[in-house]
2 protein chains.
Amino acid sequence: MSQNEFQSQEVVSSLEQGLARDGFRLTRARHVVLTAMVELGHPFSTGELEQAVARVDGSVGRASVYRTLALMESRGLVEKLHRSGQEHYTLCLKAEHHHHVTCVQCGRTREFALKDNIDLLSTVDGLARGLGYLPRSHVLEVYGVCPACQKLAGPHA
Amino acid sequence: MSQNEFQSQEVVSSLEQGLARDGFRLTRARHVVLTAMVELGHPFSTGELEQAVARVDGSVGRASVYRTLALMESRGLVEKLHRSGQEHYTLCLKAEHHHHVTCVQCGRTREFALKDNIDLLSTVDGLARGLGYLPRSHVLEVYGVCPACQKLAGPHA
DNA sequence: CAACAATTGATACGGGGTATCAATAGAGGG
DNA sequence: CCCTCTATTGATACCCCGTATCAATTGTTG
Ligand SMILES: [Mn+2]
Ligand SMILES: [Mn+2]
Ligand SMILES: [Zn+2]
Ligand SMILES: [Zn+2]
């Protein structure tokens with residue numbers, strides 16, 4: 001846990017440096033919200049984020065939570081996950097276009113790029129072209145059981 | 001347009017018959033909401049649906065719009081589209097698991113099943129397995145320019 | 001037509017997100 | 001270190017969407 005906290009600080013200040021580099025101020029509220037995001041680890045709903053922020057520092061206003069969330073989203077560092085039902089967000093480490101595999105049991109999300117699988121990339125575009133469409137973009141999200149949760153469940157799955 | 005209206009009536013009563021078959025009552029409110037859905041044609045937000053319903057029959061209550069929408073969604077005849085930003089819905093013709101190609105210009109949506117392209121289907125699952133996941137489900141939505149809009153735009157695209 | 005339950009529309013309510021705005025606190029220069 | 005200037009903040013009020021409630025209505029079945 002101490003090791004984890006150390007890494008978290010790293011990630012937070014890395015994100016902050018990015019903001020500072022682009023002329024955004026390094027403020028207490030932003031620091032708290034970023035910390036909450038990183039410590040959540042899992043994809044989070046806005047409600048969960050609000051709670052986490054309040055836990056870290058109850059004096060941060062609700063509006064600032066949404067402002068920081070929007071700021072991060074506009075910079076491509078936070079993405080909406082299209083889970084069924086409520087909308088969820090997740091921190092993004094890689095900046096380029098990518099997708100997510102989400103574990104249906106523990107909720108942990110992992111990023112992957114189609115570049116790693118050129119077949120699929122060209123197939124998705126080819127599929128659109130096959131229907132006469134000029135492909136522009138796509139959304140792909142995969143749900144399953146992650147390796148860790150498979151081990152926990154034992155040989156019956 | 002007269003031809004279109006005729007087809008619309010067909011679709012609406014087909015949907016209604018499905019409801020009746022399962023013991024749901026054939027009510028005025030439902031008829032109006034279904035008519036609005038069908039006549040919208042495009043994927044629609046809840047707000048657009050409310051407006052369309054009001055246009056068809058202003059006496060239908062707001063609650064019934066959402067009730068009918070939920071009913072249709074529970075029966076798999078309406079699906080949420082994961083467009084960026086606001087949530088949109090679209091009528092579904094095919095009942096099995098399928099995906100959507102949406103035109104970024106005219107907004108028209110077309111359904112397709114991965115069965116038509118076994119490569120992609122197995123690749124998506126294979127991709128999850130390649131990351132150690134036990135695949136369960138996925139969401140794939142493609143955006144592009146539809147054939148009709150390509151023609152309208154002319155040779156410069 | 002009667003009887004009964006499903007469904008409806010009106011109403012009021014709740015949660016989530018935002019516009020507003022005076023107060024605060026970064027950042028940068030003297 | 002202080003001063004200035006402006007980005008940013010927290011509080012408040014507000015709005016919008018969706019839903020719970022409930023008496024009134026309307027389908028359905030016989
Ligand atoms: Mn991501
Ligand atoms: Mn569909
Ligand atoms: Zn897991
Ligand atoms: Zn089009």
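Basis for what follows: all heavy atoms, side chains included, without hydrogens, waters or symmetry-related copies.
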*Asks:* Who passes side chain to side chain donor-acceptor pair (under 3.5 Å) against B/Thr35, sequence neighbours left out?
*Replies:* none
*Asks:* Return the angle between end axes of the helix from C/dC1-D/dG30 to C/dG30-D/dC1, with five pairs used per end and rounding to 10°.
*Replies:* 40°
*Asks:* Got a sec: does the CZ of B/Arg108 have more than 12 other heavy atoms crowding it under 6.0 Å?
*Replies:* no
*Asks:* Kindly indicate whether the side chain of B/His88, heavy atoms from C-beta on, has any atom under 4.5 Å from the side chain of B/Thr90.
*Replies:*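 B/His88 does not reach B/Thr90 side chain to side chain.
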*Asks:* Could you check whether any side-chain heavy atom of A/Leu81 comes within less than 4.5 Å of a side-chain heavy atom of A/Thr109, counting everything from C-beta outward?
*Replies:*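 In short, these two side chains touch, coming nearer than 4.5 Å.
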*Asks:* Going by side-chain contact (heavy atoms from CB on, under 4.5 Å), A/Leu49 matches just one of A/Val65, A/Thr68, A/Val78. Which one?
*Replies:* A/Val65
*Asks:* Answer yes or no: is there a side-chain heavy-atom contact under 4.5 Å between A/Val11 and A/Leu15?
*Replies:* yes
*Asks:* May I have the distance from B/Met72 (atom CE) to C/dT7 (atom P), rounded to whole angstrom?
*Replies:* 14 Å
*Asks:* Let me have a per-nucleotide readout for nucleotides 15-30 of chain C, 5' to 3', with B, S or -, counting only protein heavy atoms under 4.0 Å.
*Replies:* -SBB------BBS---
*Asks:* Apply ring-ring contact (aromatic ring centres under 6.0 Å, His included) to A/His42 and list each qualifying residue two or more places apart in sequence or on a separate chain.
*Replies:*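 Partners of A/His42 under the ring-ring contact (aromatic ring centres under 6.0 Å, His included) test: none.
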*Asks:* B/Arg67: which residues meet the side chain to side chain donor-acceptor pair (under 3.5 Å) condition with it, sequence neighbours left out?
*Replies:*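 Per chain and number, B/Arg67 pairs via side chain to side chain donor-acceptor pair (under 3.5 Å) with B/Ser64.
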*Asks:* Report the relative orientation of the aromatic rings in A/His138 and A/His99; use parallel for angles under 30°, tilted for 30 to 60°, perpendicular for over 60°.
*Replies:*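 If you compare the ring of A/His138 with that of A/His99, the planes turn out parallel.
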*Asks:* Near DNA chain D, which residues from residues 8-17 of chain A have a heavy atom under 4.0 Å away?
*Replies:* none
*Asks:* If we only count heavy atoms from C-beta on, is the B/Tyr89 to B/Pro43 side-chain gap below 4.5 Å?
*Replies:* no
*Asks:* Just how far, in rounded Å, is P of D/dC17 from CG of B/Leu69?
*Replies:*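 From B/Leu69 CG to D/dC17 P: 14 Å.
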*Asks:* For B/Arg30 and B/Gly58, take the nucleotide of DNA chain C holding the closest heavy atom to each; which residue's nucleotide lies nearer the 5' end?
*Replies:*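 Result of the comparison: B/Arg30.
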*Asks:* Could you give the CG-to-C1' distance, from A/Asp57 to D/dG10, as a whole number of Å?
*Replies:* 12 Å
*Asks:* In whole angstrom, give the distance that lies between atom NE2 of B/His31 and atom C1' of C/dA6.
*Replies:*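 Result: 19 Å.
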*Asks:* Report yes if the side chains of A/Leu26 and A/His31 come closer than 4.5 Å at any heavy-atom pair, otherwise no.
*Replies:*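 With C-beta onward as the side chain, the pair stays apart.
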